[in-house]
Amino acid sequence: MSRKVRHQVFLTQPVSDRLANLAAGKGVSKSDLLATAFVAWLDRAAYSELDVIFGRRLDAMTHKLDRLVRESTIELETLALFIRYVLTVSPPLAEDDQAGRAAGSLRFEAFLSQVARQVALGKRTLGDEVGR
């Protein structure tokens, strides 16, 4: 048990009455109730100090995350519009066009290989062309 230090506290009569009623209702001493309230207040003050210390960094991270979400939305919209355009202007292959389907499969495999290579190297084609 830790050593207790005496402090003298002055409360207004209404606050003193509320404290007495609360202590009687909970079955604890007024001193213990005040000590618990004071510790809670000090803990909140310490939390506020941490918020000041890390708040700026968290704000910067939030800003960067918002930017990533925005860029991702733009990229997805660009891809969707491109796909819609290609599907609109490209005629469908005939059922018996095996050569066309084979060429399409080869181009798709080359596309996937290029995407994998760019991702593995950490390159961004659009960023390089736009001049990020």
Side-chain angles (χ1 to χ4, degrees):
M1 186 166 134
S2 62
R3 183 178 163 270
K4 293 186 177 185
V5 178
R6 180 183 169 104
H7 292 274
Q8 187 172 1
V9 178
F10 293 97
L11 303 173
T12 62
Q13 189 60 50
V15 173
S16 179
D17 293 342
R18 287 178 65 188
L19 178 62
N21 290 337
L22 187 60
K26 293 197 178 261
V28 296
S29 70
K30 289 188 276 184
S31 180
D32 288 341
L33 195 57
L34 285 172
T36 302
F38 190 67
V39 167
W41 183 81
L42 288 174
D43 288 346
R44 275 196 309 265
Y47 173 78
S48 178
E49 193 175 309
L50 288 176
D51 192 34
V52 169
I53 292 170
F54 293 110
R56 194 175 315 152
R57 178 175 280 170
L58 290 173
D59 288 345
M61 290 171 65
T62 300
H63 177 70
K64 287 178 182 179
L65 184 60
D66 288 344
R67 183 174 176 185
L68 284 173
V69 168
R70 180 179 177 276
E71 288 179 2
S72 176
T73 301
I74 292 170
E75 291 167 353
L76 287 174
E77 184 63 22
T78 303
L79 179 62
L81 288 172
F82 176 75
I83 291 170
R84 178 180 286 174
Y85 172 77
V86 168
L87 293 176
T88 302
V89 299
S90 299
L93 294 174
E95 290 292 326
D96 58 346
D97 188 2
Q98 298 303 325
R101 292 185 190 286
S105 291
L106 288 174
R107 284 192 302 244
F108 184 69
E109 290 298 324
F111 168 75
L112 290 180
S113 295
Q114 180 65 16
V115 169
R117 192 169 32 257
Q118 292 288 92
V119 170
L121 294 174
K123 291 185 178 178
R124 292 184 60 177
T125 302
L126 181 62
D128 294 341
E129 291 174 6
V130 173
R132 280 190 184 196

Applying side chain to side chain donor-acceptor pair (under 3.5 Å) to Q13 and not counting sequence neighbours gives D17
Original post:
Shared ILVMFWY cluster between V119 and L79, side chains joined below 4.5 angstrom?
Top reply: no
>> Is there a side-chain contact between S29 and L33 in this structure, where contact means two heavy atoms from C-beta onward sitting under 4.5 Å apart?
In response: no
Taken to the nearest 0.5 Å, the spacing of R67 CZ from S72 OG works out to 13.5 Å
Using a strict cut-off of less than 4.0 Å between a Lys/Arg side-chain nitrogen and an Asp/Glu carboxylate oxygen, indicate whether K4 and D32 qualify as a salt bridge.
-> yes
#### Entry: Joint hydrophobic cluster, I83 plus L76, side-chain heavy atoms closer than 4.5 Å
no
dist F108:CZ -> S113:OG (nearest 0.5 Å) comes out at 10.0 Å
One should read off an interatomic distance between T62 OG1 and R57 CZ, to the nearest 0.5 angstrom, of 12.5 Å
Hits for side-chain contact (heavy atoms from CB on, under 4.5 Å) against L121, two or more places apart or cross-chain, chain-then-number order -> R117, K123
d(N21 CG, K26 NZ) to nearest 0.5 Å is 13.0 Å
So CG of L58 and NE2 of H63: to nearest 0.5 Å the spacing works out to 14.5 Å
Taking the side chain as everything from C-beta on, heavy atoms only, tell me whether L81 gets closer than 4.5 Å to E77.
yes
To the nearest 0.5 Å, atom CD of E75 lies from atom OG1 of T73 at 9.0 Å
Next item on the list: Decide yes or no on side-chain contact (heavy atoms from CB on, under 4.5 Å) for R84 and T88, but give the supporting numbers first.
Entry: CA-CA 6 Å; R84 178 180 286 174; T88 302; 4.0 Å; yes
Verdict with reasoning, V15 to L19, per side-chain contact (heavy atoms from CB on, under 4.5 Å):
CA-CA 6 Å; V15 173; L19 178 62; 5.5 Å; no
Does atom CZ (R101) have a neighbourhood of more than 12 heavy atoms from anything else shown, all under 6.0 Å? yes
**Message:** The test is side-chain contact (heavy atoms from CB on, under 4.5 Å); show your working for L65 and M61 and say whether it passes.
**Reply:** CA-CA 6 Å; L65 184 60; M61 290 171 65; over 6 Å; no
State plainly whether one hydrophobic cluster holds both L11 and L22, where clusters connect Ile, Leu, Val, Met, Phe, Trp and Tyr through side-chain heavy atoms under 4.5 angstrom apart. yes
